[in-house]
There are 2 protein chains.
Amino acid sequence: MPDDAAEAAKRPHISDATLRGLVGYNMKRAFMAVSADLARTLAPFDLRMLTFTALTLVADNPGLSQSQLAQAMTVERPNLVVIVDELETRGLITRDRVPTDRRTYALRITVEGARLLAGAARAVGAHENLMMGGLAKAEEAALISTLNRIEASGKGRS
Amino acid sequence: MPDDAAEAAKRPHISDATLRGLVGYNMKRAFMAVSADLARTLAPFDLRMLTFTALTLVADNPGLSQSQLAQAMTVERPNLVVIVDELETRGLITRDRVPTDRRTYALRITVEGARLLAGAARAVGAHENLMMGGLAKAEEAALISTLNRIEASGKGRS
DNA sequence: TGGCAACTGTTATGAAACATAACTATATTT
DNA sequence: AAATATAGTTATGTTTCATAACAGTTGCCA
């Protein structure tokens with residue numbers, strides 16, 4: 001079929017209609033857009049998505065261990081070490097020894113960490129308002145509810 | 001505050017309530033679940049998410065160039081080379097020279113590629129039915145519509 | 001017509017996220 | 001006390017994604 005060669009030269013726009021029929025493809029495309037904008041939002045704070053998530057979870061769950069944090073973030077423990085290392089080196093969290101179990105560290109946010117997180121959280125809120133600004137309150141609630149159902153569907157099939 | 005140490009020992013479950021208030025966080029969690037199940041679905045065909053996407057786009061847009069495919073997949077051209085290399089080496093697609101522009105390759109799916117894709121697409125359909133099975137038709141349509149609006153919000157802010 | 005700019009595909013390289021195996025230190029179980 | 005399990009760590013490798021630089025080709029335009 002050398003006829004396709006003609007249409008290859010200047011195909012106006014390629015079609016992803018087949019993939020658009022898959023919910024997962026639309027999820028990926030939307031998440032990529034949100035993810036890219038979130039990265040730009042966090043850059044001024046020297047945070048990435050993972051470090052922002054870790055910082056928030058430490059702030060909300062003072063004293064949790066690295067294993068607990070790793071499980072909450074669905075990250076393997078070895079990979080969490082570098083994240084915690086970075087946050088501790090920057091003075092945003094502390095690794096405190098636990099007397100009752102000297103294997104574990106109790107992670108806590110510092111005053112400086114809380115201050116940085118407050119600013120970052122405000123910026124992330126603004127980012128969400130921009131990305132989801134077109135959605136009605138009810139539509140956003142329905143979206144989250146549907147996403148949670150999908151997430152639960154996957155948990156049964158690990 | 002050495003009091004936190006006590007609760008650190010056996011915190012029953014850590015809370016991600018703050019993050020759950022962010023749409024993006026729920027999107028990531030749901031997408032991770034779908035993505036993991038999709039990877040398991042494609043494994044028997046020796047395909048990953050990216051190679052399945054590329055194969056589908058080549059099948060639907062015969063003769064497209066690597067640049068066009070890269071743009072459609074939101075992948076940088078250097079990274080697409082390895083994907084196309086793999087598909088071509090496996091005999092699933094062909095790289096044909098275009099006489100009118102000898103810089104570009106026209107990508108086309110082979111008979112064997114189409115046969116593999118047919119099986120994979122059927123499996124992906126079953127995977128979608130399982131993951132989205134709990135959703136009503138209207139709910140699924142609303143989800144896709146909302147996701148597309150979010151995706152469009154991001155495109156204005158690159 | 002000749003030369004400069006732009007584009008296609010490619011190589012090399014590095015960063016980031018994620019996974020596994022193996023180790024040390026401590027705790028738990030038996 | 002010995003065997004087993006757990007927390008954190010190190011080392012290592014894979015995958016995805018980004019950037020710079022290059023050769024070959026095309027298009028522009030002066």
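Labels below follow one simple rule: chain letters A, B, ... track the order of the sequence lines, proteins then strands, and each chain is numbered from 1.
The stretch residues 81-93 of chain A has no heavy atom under 4.0 angstrom from DNA chain C at all.
Note on the helix from C/dT1-D/dA30 to C/dT30-D/dA1: terminal axis deviation equals 10°, with five pairs used at each end and the result rounded to 10°.
Between the side chain of A/Arg95 and the backbone N or O of A/Glu88, no donor-acceptor pair lies under 3.5 Å. Within the 3.5 Å criterion, the main-chain N or O of A/Arg102 finds a donor-acceptor partner in the side chain of A/Arg97. Between the side chain of B/Thr110 and the main chain of B/Gly91, a donor-acceptor pair closer than 3.5 Å is present. Judged purely by atom type and a 3.5 angstrom limit, A/Ser65 has no side-chain atom pairing as donor or acceptor with the backbone of A/Tyr105.
The side-chain heavy atoms of B/Val23 and B/Asn26, taken from C-beta on, include no pair separated by under 4.5 Å. Side-chain contact between A/Met132 and B/Ile150 is present, with heavy atoms from C-beta onward closer than 4.5 Å. In this structure, A/Leu117 and A/Leu47 have side chains that are not in contact, with every pair of non-hydrogen atoms separated by 4.5 Å or more.
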Collect all protein-nucleotide pairs involving nucleotides 18-21 of chain C in which both atoms are nitrogen or oxygen and the distance is under 3.5 Å.
{"unit_1": "C/dA19", "atom_1": "N7", "unit_2": "A/Asn79", "atom_2": "OD1", "d": "3.1"}
{"unit_1": "C/dA19", "atom_1": "N7", "unit_2": "A/Asn79", "atom_2": "ND2", "d": "2.8"}
{"unit_1": "C/dA19", "atom_1": "N6", "unit_2": "A/Asn79", "atom_2": "OD1", "d": "3.2"}

Extract from the structure each pairing of a protein N or O with an N or O of nucleotides 24-28 of chain C at less than 3.5 Å, listing the distance.
{"unit_1": "C/dA27", "atom_1": "OP1", "unit_2": "A/Arg102", "atom_2": "N", "d": "2.9"}
{"unit_1": "C/dA27", "atom_1": "O4'", "unit_2": "A/Arg103", "atom_2": "NE", "d": "3.4"}

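In this structure, the separation between CE on A/Met131 and CG on A/Leu38 is 9.5 Å, given to the nearest 0.5 Å.
Considering only residues two or more places apart in sequence or on other chains, A/Glu112 meets the salt bridge (Lys or Arg N to Asp or Glu O under 4.0 Å) condition with none of them. Judged as a side-chain hydrogen bond (donor to acceptor under 3.5 Å, both in side chains), and not counting sequence neighbours, B/Glu128 has no contacts. Partners of A/Arg103 according to the salt bridge (Lys or Arg N to Asp or Glu O under 4.0 Å) rule, which considers only residues two or more places apart in sequence or in another chain, are A/Asp101.
Each side chain to side chain donor-acceptor pair (under 3.5 Å) pair with one or both residues in residues 42-59 of chain A, not counting sequence neighbours, appears once here: A/Arg48-A/Glu86. Pairs passing the ring pair (Phe, Tyr, Trp, His ring centres under 6.0 Å) check and including a residue from residues 18-44 of chain B, sequence neighbours excluded, read A/Phe31-B/Phe31.
Taking atom CG of residue A/Leu47 and atom C1' of nucleotide C/dA16, one finds them 15 Å apart after rounding to whole Å. For B/Tyr105 and C/dT10, the OH to C1' distance is 10 Å, given to the nearest whole Å.
Once you apply a 4.0 Å limit to the heavy atoms of chain B, the touched nucleotides of DNA chain D run 5' to 3' over D/dT16 to D/dT26.
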With a cut-off of 3.5 Å and sequence neighbours excluded, list every side-chain donor-acceptor pair involving residues 71-83 of chain A.
{"unit_1": "A/Thr74", "atom_1": "OG1", "unit_2": "B/Arg29", "atom_2": "NH2", "d": "3.4"}

Check: residues 140-147 of chain B side-chain donor-acceptor pairs under 3.5 Å, at least two apart:
{"unit_1": "B/Thr146", "atom_1": "OG1", "unit_2": "A/Glu139", "atom_2": "OE2", "d": "3.1"}
{"unit_1": "B/Thr146", "atom_1": "OG1", "unit_2": "B/Ala142", "atom_2": "O", "d": "2.9"}

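Listed pair B/Gln68 / C/dT8 fails the phosphate criterion, with no side-chain N or O lying under 4.0 Å from OP1 or OP2.
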